[in-house]
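The next block holds one structure in the form of structure tokens; read it before the comments.
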Amino acid sequence: MVGVGASAGGLEALQDLVEHLATRSMALVVVQHLAPEYETMMDQILARHTELTVELVSNGVQVEAGHIYLIPPGKEMIMSSGRLLLTDRDENENPNLPIDTFFRSLAQELNERAIAIVLSGTGRDGSRGIRAVHEAGGLTLAQTAGSAQFDSMPRAAVDTGCVDLELAPAKMGRAIARYAQADAQAPEKLSAPEESLHAILETLRQRSGIDFRQYRDSTILRRLKRRMALGRIDDVDDYARRVASDPAEADALYRDLLVGVTRFFRDEDAWDLLADHVQTLVDGLSETSDDIRVWVAGCATGPEAYTMAILFGEAFRRREMEPRVKIFATDVHRQLLERAGQGVFADETLEGVAPELRERWFHKQRPGAATVTPALRDMIIFAHHDVTRDPPFTRLDLLSCRNMLIYLRPAAQQRVLTLFHFALKASGLLFLGPSESPGKLEDEFLTLDNRWKLYRKRRDIRLRGALRAPDSLRARPVPLPVESRSDVGQRARARLLARFAPPSVVVNALGEVEHTLAGGGRFLDARDGEFSHRLLDMLAGTLRTAVSSATHRAWRKRQGTSYRDIAVDLDIAVGLDIAIARLLQIGVAREVGVAREVGVAREVGVA
């Protein structure tokens, strides 16, 4: 099924599209901006350019392959249970977006089998619907700006970052026919030699550091099939060679495998439920209690992390308190994290945000986009993190990981959930997606809401295997600088530092290590390959995340920053306090970081 959105200048584009569509195995549904009084002759015009059956939609018509369906003037349309349903357009609704309305219904109905095309037109209609189809795993196309008589609509679609192909209309027919042919093959029937599949995943691991072997076979095969269809490649061996030799294709597959589209207040009822528990956390704060700690895992471009921050911002506002919350928002996709950190969102992305919240927490940056306020941004620390291999954040009051676990293999799901259990305080909250659950750990969580998958940790116990860090976290020492033996003061200082000072590392303005003191080198990891002096290149996991955030704040705010009880695995699991201070020496800015061990995590086996 192909949904086509067109407006001003769309007639010529539609003629080129249908004229070169050489298959009767699919149906096209064309949505245009047509006033109620407009007498359309589109069906007669298009019929001259195609052998497919062209007809105006009648309410409830069953969609059949080999047909082109045209929306009547003055109507809106959705697809439901294989039928096209019409309603009268609300003339008081402004702007009116019939293309978005139909694309969304197409995504809900067909998921990855949906195809959406945006052709010539003015305005932004279609851009929100393109997001929905992309999120559902379908194919999205937009007319090239150079071939469009009016390029506003296709440009708006491309600006979402959710368009798979930009093509002239005459070339779209072949592309969608090939995609539809590949889609007819079920994922489980897409055979792949084990060596070729391993080679593809190994190429991705080397380029991204992500082990996609933790992902479900169905997810990997479906995305492979999609990329092969778009690249006109039939053989998996050939595609493996393409991925190995073409960095752009490897990156495209990498992006396809990572689900990176989220929305503000996705599942609004779930966030309403969580808001009550957030208020309870805020109400329970005292002057002596620690700040609230939250982790949003798999944050993608940031909407769910900022939604979480809005809930806390509103809760503190009701108490007339300054926010005392740290929200760690993480993802494995670095490019998505960069976009999240910028905090700039198109108006259609903010559709789920109530007007009063948008007024309070966003500033209008430019027409069609808004940016988060500094108060909202300061609640969140964005950091790169892979839940399948990196140690978790700890002492959490709330952990949100929605609609990510479903893409992992069962064993990987169980391992990640065990880490989540370790990360939460006793009575900490776990917030999952509507199709997810704690699985075998259900006895360790109290179900607060089964529909929206909100749970509370029952007891503070370490489950077996809860902190298995990669070998790269086990540090190799970096030699201490040689002190002058002729200087008694220097020797005395070195001895005092060794005995009483916490482990420390001094870095310059470029982030390069200049000195290690009092055993600071044991937290560093000199990895294989070209040697790097950058401190962050010598750290891993949560320690790297915390140090990166703290050093950034130290430079930006010109003041010391600290984090407490960071979980690190140094043969045994330990908790570290870290502090970053800014130094000045002969006019050159430097930073010193210190780490202090605050506890040892004991392991308790649970049958």
Side-chain angles (χ1 to χ4, degrees), residues 1-5 23 25-29 31 62-65 69 77-85 99-118 126-142 157 160-165 172 175-190 215-230 252-253 255-263 266-267 270 298 300-301 303-304 348-349 351-352 402-409 432-436 453:
M1 161 70 76
V2 182
V4 183
T23 177
S25 64
M26 64 182 72
L28 270 71
V29 180
V31 182
Q62 181 75 43
V63 176
E64 297 180 10
Y69 298 93
M77 180 169 60
I78 64 170
M79 185 176 184
S80 178
S81 301
R83 298 181 179 275
L84 298 176
L85 307 180
I99 300 172
D100 281 329
T101 299
F102 181 73
F103 282 180
R104 284 175 179 151
S105 71
L106 191 67
Q108 293 171 359
E109 178 86 357
L110 299 178
N111 297 306
E112 67 270 11
R113 293 186 295 114
I115 301 175
I117 299 175
V118 175
S127 59
R128 300 179 186 180
I130 280 286
R131 285 181 179 273
V133 173
H134 178 78
E135 183 176 358
L139 178 67
T140 56
L141 302 90
T160 65
C162 298
V163 169
D164 296 307
L165 295 172
M172 290 181 175
I176 61 178
R178 187 175 188 88
Y179 183 84
Q181 182 181 3
D183 186 65
Q185 186 179 17
E188 61 270 16
K189 294 182 180 179
L190 179 64
Y215 284 56
R216 291 182 181 272
D217 287 343
S218 58
T219 299
I220 294 172
L221 292 175
R222 186 164 58 246
R223 299 299 178 176
L224 275 180
K225 179 186 67 174
R226 169 189 170 86
R227 292 305 312 171
M228 289 171 63
L230 292 175
L253 177 60
R255 290 192 299 270
D256 259 19
L257 284 168
L258 295 173
V259 178
V261 181
T262 58
R263 297 192 300 272
R266 181 176 184 176
D267 300 323
T301 54
E304 290 210 355
E348 55 262 27
T349 308
E351 189 179 41
R402 308 189 71 227
N403 306 303
M404 186 193 73
L405 294 175
I406 55 176
Y407 295 100
L408 300 179
R409 292 175 181 268
L432 300 178
S435 299
E436 298 166 333
K453 308 302 181 182

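The figures here come from the full heavy-atom set of this structure, side chains too, leaving out hydrogens, waters and symmetry mates.
- In this structure, CD1 in Ile117 is found 12.0 Å from CD1 in Ile99, a value given to the nearest 0.5 Å.
- Summarising the geometry of Leu139 relative to Val133, their closest heavy-atom pair is O-CG1, 3.9 Å, with the distance given to 0.1 Å.
- Atom CD1 in Ile406 sits 11.0 Å away from atom CG in Leu432 (nearest 0.5 Å).
- Here the straight-line distance linking atom CD of Glu436 with atom CG of Leu405 works out to 4.5 Å at 0.5 Å rounding.
- Between the Asp100 side chain and the Gly129 main chain, a donor and an acceptor come within less than 3.5 Å of each other.
- Summarising the geometry of Leu165 relative to Ala175, their closest heavy-atom pair is CD1-CB, 4.1 Å, with the distance given to 0.1 Å.
- With hydrogens and angles ignored, the 3.5 Å screen pairs no side-chain donor or acceptor of Tyr179 with any backbone N or O of Gly138.
- The structure places CZ of Arg227 at 7.0 Å from CG of Asp164, a figure rounded to the nearest 0.5 Å.
- At least one donor-acceptor pair closer than 3.5 Å links the side chain of Arg223 to the backbone N or O of Asp256.
- Residue Glu304 comes nearest to Arg263 through the heavy atom pair CG-O, 4.0 Å, listed as atom of the first residue, atom of the second, then distance.
- Looking only at side-chain heavy atoms (C-beta outward), Val63 and Met79 come within less than 4.5 Å of each other.
- For Asn111 (side chain) and Ala136 (main-chain N/O), no donor-acceptor pair under 3.5 Å exists by modelled atom type.
- Distance OG1/Thr101 to CD1/Ile78: 9.0 Å, rounded to 0.5 Å.
- Closest non-hydrogen pair, Leu85 versus Ser80, comes out as CD1-CB, 3.8 Å.
- Ile220 and Leu257 get closest at one heavy-atom pair: CA-CD2, 3.9 Å.
- With values rounded to the nearest 0.5 angstrom, Cys162 atom SG is found 13.5 Å from Arg128 atom CZ.
- Side chains of Arg131 and Thr140 form no contact here, defined as non-hydrogen atoms less than 4.5 Å apart.
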Before giving the answer on side-chain contact (heavy atoms from CB on, under 4.5 Å), spell out for His134 and Phe103 the whole-Å C-alpha distance, their side-chain angles and the decisive distance to 0.1 Å. CA-CA 10 Å; His134 178 78; Phe103 282 180; over 6 Å; no

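- Between Arg402 and Ala270 the shortest heavy-atom distance is NH2-CB, 4.0 Å.
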